[in-house]
Amino acid sequence: MNLLAAELMQQIKQRPRRNRKSAGIRAMVRETQLGVEHLVYPMFVQEGETDEPIETLPGCMRWSVAGIAEECRRLYGDLGIGCVDLFGVVPGEKKSADGAEAWNEQGVVPRAIRAIKQAVPRMVVMTDVALDPYSSFGQDGIVRELEDGEIEVLNDETVEALVKQGLCHARAGADILSPSDMMDGRIGALREALDEEGLTDVSLLSYTAKYASAFYGPFRGALGSAPKKGDKKGYQMDPGNAREALREAELDAAEGADMLMVKPGGYYLDVVAKMREHTHLPLAVYQVSGEYAMIKAAAAAGWLDERAVTMESLLSIRRAGADMILTYAAPQAARWLREEKGV
Ligand code: PBG
């Protein structure tokens, strides 16, 4: 070092690296924590007796009702995962224009809720409320076909259907209903219907800012639920918009939502941070199927360190302001968190 440089160095009084100098100090000053209690595991349940892997979501399964209950016992007991989010997978012949299978009391989701609650009473059971897995159009709501061959998703008719679906899940014992459809007014309508039936303890986690994202591809592959016609831009949000998310947040809060959500996660952390500043409600973020699949694919190719990248992506979502994270990586992350703690 020449003399001038050495003199300059002596003038440095602020040395932020002092707070990074050992693992012990780094741990003390870490601003954000990730724990298993922040993780929600999205799971798929189907008719029949077989549990089968999902090609587009490596590591995830389409479970039978018995299989999902057994798996929940392991998730809760061995890994400490405390909340699962259920999606129903139904075969083509059970899909219809109005998605009526969505509120069949003997359908695969209400049966799974009952089975999980029986096997692991303390597991928090959340269910997805939307018609797309049940709709022959692959749309989240009730569809009207227009003369020019296009389609339109009808808001108010859809809200009526979602209320039937939500009540069906709540009666079966769901703790949290999670409407992912983006219709206007569905939170208020669900709250009112639940309260009228005395189901006042059932919570609503609203997909408040759900974007019309191409990152849902692997999920739609898992459910066979891709739109048969058109897209979802008439109800899911434009990826260019952030202020609109705050407007949705205000409406959901006023309608009685207990928790809000931003989805997808990693590419929308600015929206998460804004939302965190504007609401007092707990905030969830969904790390969606495409985000998960990208990490899996890059890791399989040997291009990324799966464990390090997964944990960094989850910590970043927490840092942006998420209280809880829905992620397909929940079981792996739970295992890695255990290893870090040495248990
Ligand atoms: C549908 C729904 C979707 C997801 C959750 N609920 C897909 C969609 O809107 O088309 C996506 C989840 C994911 O990609 O992991 N109501």
Side-chain angles (χ1 to χ4, degrees), residues 39-45 54-62 84-90 95 99 101-103 109 126-143 151 153 155 158-159 161-162 165-166 169 176-183 186-187 190 204-239 248 260-268 284-297 310 313-314 317 322 324-330:
L39 303 175
V40 178
Y41 187 36
M43 297 182 83
F44 303 93
V45 60
I54 301 172
E55 315 77 64
T56 54
L57 285 173
C60 296
M61 308 277 286
R62 285 188 210 88
V84 292
D85 183 19
L86 305 185
F87 292 89
V89 185
V90 303
K95 301 190 190 220
E101 180 63 14
W103 53 90
V109 171
M126 181 190 292
T127 61
D128 194 74
V129 175
L131 299 187
D132 49 318
Y134 311 93
S135 153
S136 42
F137 293 96
Q139 293 286 350
D140 288 31
I142 307 277
V143 166
I151 53 161
V153 174
N155 193 88
T158 299
V159 171
L162 296 171
Q165 184 184 19
H169 295 177
I176 305 177
L177 304 181
S178 188
S180 67
D181 55 287
M182 290 301 281
M183 296 302 124
R186 89 279 209 218
I187 296 299
L190 277 162
L204 293 174
L205 163 52
S206 177
Y207 282 66
T208 298
K210 175 174 178 180
Y211 287 88
S213 170
F215 285 97
Y216 308 150
F219 170 96
R220 292 175 185 173
L223 263 71
S225 66
K228 303 287 174 294
K229 203 183 259 184
D231 52 36
K232 299 191 176 183
K233 293 179 183 167
Y235 46 103
Q236 298 181 348
M237 278 178 49
D238 185 331
E248 289 282 5
L260 306 182
M261 190 197 292
V262 174
K263 174 185 177 183
Y267 290 87
Y268 293 80
V285 168
Y286 202 138
Q287 181 177 56
V288 301
S289 57
E291 296 176 75
Y292 173 82
M294 285 195 304
I295 295 178
K296 281 282 181 195
T310 300
S313 70
L314 296 173
I317 292 172
M324 59 204 124
I325 307 172
L326 289 81
T327 177
Y328 303 100

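These numbers come from the heavy atoms of this one structure, side chains and all, not from hydrogens, waters or symmetry mates. Atoms within a ligand are numbered from 1 in the order they appear, just like the ligands themselves.
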Handout entry: Protein residue, atom and distance nearest to atom 14 (O) of ligand 1, heavy-atom basis
Key = S289 OG, 2.7 Å
Handout entry: Enumerated ligand 1 atoms positioned under 4.0 Å from heavy atoms of F87
Key = 5 (C), 6 (N)
Practice task
Report yes or no: does a heavy atom of K210 sit under 4.0 Å from some atom of ligand 1?
Solution key: yes
Practice task
Please determine if S180 has a nitrogen or oxygen closer than 3.5 Å to a nitrogen or oxygen of ligand 1.
Solution key: yes
Exercise for the section: Find all atoms of ligand 1 within a distance of less than 4.0 Å from any non-hydrogen atom belonging to K263, and give their numbers and elements. Expected result: 2 (C), 3 (C), 4 (C), 5 (C), 6 (N), 11 (C), 12 (C)
Fill in the blank from the handout: Between the CD1 atom in I151 and the NZ atom in K229, the distance rounded to the nearest 0.5 Å is 7.0 Å
Practice task
Could you find the nearest protein heavy atom to atom 1 (C) of ligand 1 and give me its residue, atom name and distance?
Solution key: D132 OD2, 2.8 Å
Handout entry: ligand 1 atoms in contact with Y286 (distance to a heavy atom under 4.0 Å)
Key = 12 (C), 15 (O)
Completion exercise
If we number the atoms of ligand 1 from 1 as shown, the ones under 4.0 Å from a heavy atom of Y328 are 12 (C), 13 (C), 15 (O)
Exercise for the section: Kindly identify the option in Q139, K232, M182 whose heavy atom sits closest to atom 8 (C) of ligand 1. Expected result: K232
Problem - ligand 1-proximal atoms of Y292, by part, heavy-atom distance under 4.0 Å - result: neither
Practice task
To the nearest 0.5 angstrom, please state how far the CD atom of Q165 sits from the OH atom of Y134.
Solution key: 5.5 Å
Problem - Polar side chain donor-acceptor pair, Y207 to D128, under 3.5 angstrom - result: yes
Practice task
Taking atom types as modelled, find out whether R186 and S206 have a side-chain donor-acceptor pair closer than 3.5 angstrom.
Solution key: yes
Exercise for the section: Please determine, by modelled atom types, if Y235 and Q139 share a side-chain donor-acceptor pair under 3.5 angstrom. Expected result: yes
Problem - Closest non-hydrogen atom pair between M237 and A209, with its separation - result: SD-CA, 3.9 Å
Exercise for the section: Please check if any side-chain donor atom of Q287 sits under 3.5 Å from a side-chain acceptor atom of S313, or the reverse. Expected result: yes
Practice task
Below 4.0 angstrom from a heavy atom of Q236, which ligand 1 atoms are there? Numbered from 1 as shown, please.
Solution key: 8 (C), 9 (O)
Handout entry: Nearest heavy atoms of M126 and S178, plus distance in Å
Key = CG-CB, 3.9 Å
Practice task
Please report the closest heavy-atom contact between P179 and I187, naming both atoms and the distance.
Solution key: CG-CD1, 3.9 Å
Problem - Contact atoms of ligand 1, heavy-atom distance to V288 under 4.0 Å - result: 13 (C), 14 (O), 15 (O)
Handout entry: Option of least heavy-atom distance to atom 3 (C) of ligand 1 (set: F219, Y207, Y216)
Key = F219
